[in-house]
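Heads up, the thing below is written out as structure tokens.
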Amino acid sequence: MKKLFTTLSNIWKIQELKERILFTLLILLVYRFVSHVVLPGVDPTALGTNEKSGLLGILDMFAGGSFSRVSILALGVMPYISASIVVQLLGIAVPSFQKMQKEGESGRKKMNQITRYLTVAITIVQSVGYVKTQVPAEAILLPNTLFLVLSTFVLTAGTLFVMWLGEKITDKGIGNGTSLIIMVGIIARLPIAISQEFSARVGSASEGGGPVALVLEIVALFAVVMFTILIVQGVRKVPVQYAKKIVGNRQFGGVRQYIPLKVNAAGVMPIIFAQALMFIPGALTQFVPSLQGSWLIQFSNTTSLAYSLTFAFLIIAFTFFYTAITVNPTQMSDDMKKNGGFIPGVKPGFATSTFIDDVISKITFPGAVFLAIIAILPSIAVKFGIKQEFAHFFGGTSLLILVGVVLDTLQQIESYLLMRHYDGLMKTGRVTGRTGVPAASSNAAL
């Protein structure tokens, strides 16, 4: 405990770090304040509870409740995330985008600009769909056409504002701005979830179980978080030896380093892709009434066995797919060869590429299985009588984002401490973020 207070005081002694933390907290406070501003022309009293479930409930959780409140920030950063994913996939499949990726800082600026333009286009389309499907007709105070046009402009401006806040946090604050905004939106629902669970167990509306059941739930949640941290930080270190070079009287190279191959290199993306596909059967039953009595209705219930098994299978498949398109063993082998590096006992070139690909395949399968288990844990928690709102924090996208963002932020704080010759945040070892490389900043949005 003494070391903890010493570390916190050391953080406050570093002027730059203190200013960055305060700036980040200020921006997040502004975001939470603006997220409660309702769209112009909407009567807040007519909205009622307006609670969302399924995929819409997940989007509402990411937006910190703005989606259900019909806020001017209802769409949040999700259009920006969608645009980033599209540009990332284009960078893998389209040669012109691949060329921009190799141009360094100038190429990164061009891709960021394309991402912004694509964000505007996606937001406009989503704004129209949101106004037509998610805003109750009895809550609209303006003529429909005027309200649609006005809301589209306001929602688009709201998303751009959130995107700007995220970029400001990344530039002048601590951590990845977009990820922190999503994390704050998720955490904002935690007090409500805990109060509902408390009322269900020991409150006036108790459904049974008592304090013992609540304590067991907290212990289980702690264990799940620890398990998730192990998956997020798990790496397989592949040793790399660099050849010795003698220039004049100095010797370069001859050292052994490691390539940290992530057990879960795909991050949270497989769950997002799988959830998008699992939303299709439910949408079909809504638009085609004749299908409501068919087997597709099982996939509308997120706690059903069919839904959980299909969801888990899709996550495992997408984990392999996303890892295959983002991790390039051939490029890693070529870069290693250019720098005079080799894996001990493995020939450079094709043999190295095959070896790395084999290692990735072996560690990706258990990583995909564990990721699938984490994703279906909320459904299992609901089966044990835990409220839906609180069950979201037992796994799935929300927990992975929370763990990943916290680790990345702590990693940056530790980097500042170590640069100023203070002790790190841990007694032994180093805090590693989702990149798996100590003291390296993660630029991933999720």
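In this chain, residues are counted from 1 in sequence order.
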Exercise. Considering residues at least two apart in sequence or located in another chain, which fulfil the salt bridge (Lys or Arg N to Asp or Glu O under 4.0 Å) criterion with E167?
Worked result: R116
Exercise. Considering only heavy atoms from C-beta outward, does the side chain of T170 approach that of K168 to under 4.5 Å?
Worked result: no
Seminar exercise, completed: Note: S179 and V405 closest approach over all heavy atoms is CB-CG2, 3.4 Å
Exercise. So do V406 and M183 actually touch side chain to side chain, heavy atoms under 4.5 Å?
Worked result: yes
Seminar exercise, completed: Contacts satisfying side-chain hydrogen bond (donor to acceptor under 3.5 Å, both in side chains) that involve residues 136-155 (not counting sequence neighbours) are none
Exercise. If you take all heavy atoms of L399 and F393, which pair is closest and at what distance?
Worked result: CD1-O, 3.9 Å
For this session: Measure the CD1-CG distance between I271 and L314 for me, rounded to the nearest 0.5 Å.
Result: 12.0 Å
Exercise. So, do S71 and V38 sit near enough that their side-chain heavy atoms are less than 4.5 Å apart?
Worked result: no
Exercise. Side chain of Y130, backbone of F67: donor and acceptor closer than 3.5 Å?
Worked result: yes
For this session: Search all heavy atoms of K362 against all heavy atoms of P366 and return the closest pair with its distance.
Result: O-CD, 3.0 Å
For this session: Considering non-hydrogen atoms only, spot the tightest contact between D171 and R20 and give its length.
Result: O-NH1, 3.4 Å
Exercise. Do the non-hydrogen side-chain atoms of L28 and I181 ever get within less than 4.5 Å of each other?
Worked result: yes
For this session: May I have the step-by-step check of ring-ring contact (aromatic ring centres under 6.0 Å, His included) for F311 and Y307, ending in yes or no?
Result: CA-CA 6 Å; F311 190 33; Y307 181 96; 5.7 Å; yes
Problem set entry | Closest non-hydrogen atom pair, P329 against V327 | CD-O, 3.3 Å
Exercise. Looking at residues at least two apart in the chain, or sitting in another chain, which of them share a salt bridge (Lys or Arg N to Asp or Glu O under 4.0 Å) with K110?
Worked result: E103
Exercise. Where is the tightest heavy-atom contact between V70 and V135, given as atom of each residue plus distance?
Worked result: CG1-CG2, 3.8 Å
Exercise. Sub-3.5 Å donor-acceptor pair from the side chain of Q412 to the main-chain atoms of G175, do we have one?
Worked result: yes
Problem set entry | Derivation of the side chain to side chain contact (heavy atoms under 4.5 Å, CB included) call for I21 and E16 | CA-CA 9 Å; I21 292 175; E16 182 185 0; over 6 Å; no
For this session: Inspect the surroundings of CZ in F370 and state if more than 12 heavy atoms from other residues, nucleotides or ligands are less than 6.0 Å away.
Result: no
Exercise. Which class fits the ring pair F320 and F365: parallel under 30°, tilted 30 to 60°, perpendicular over 60°?
Worked result: tilted
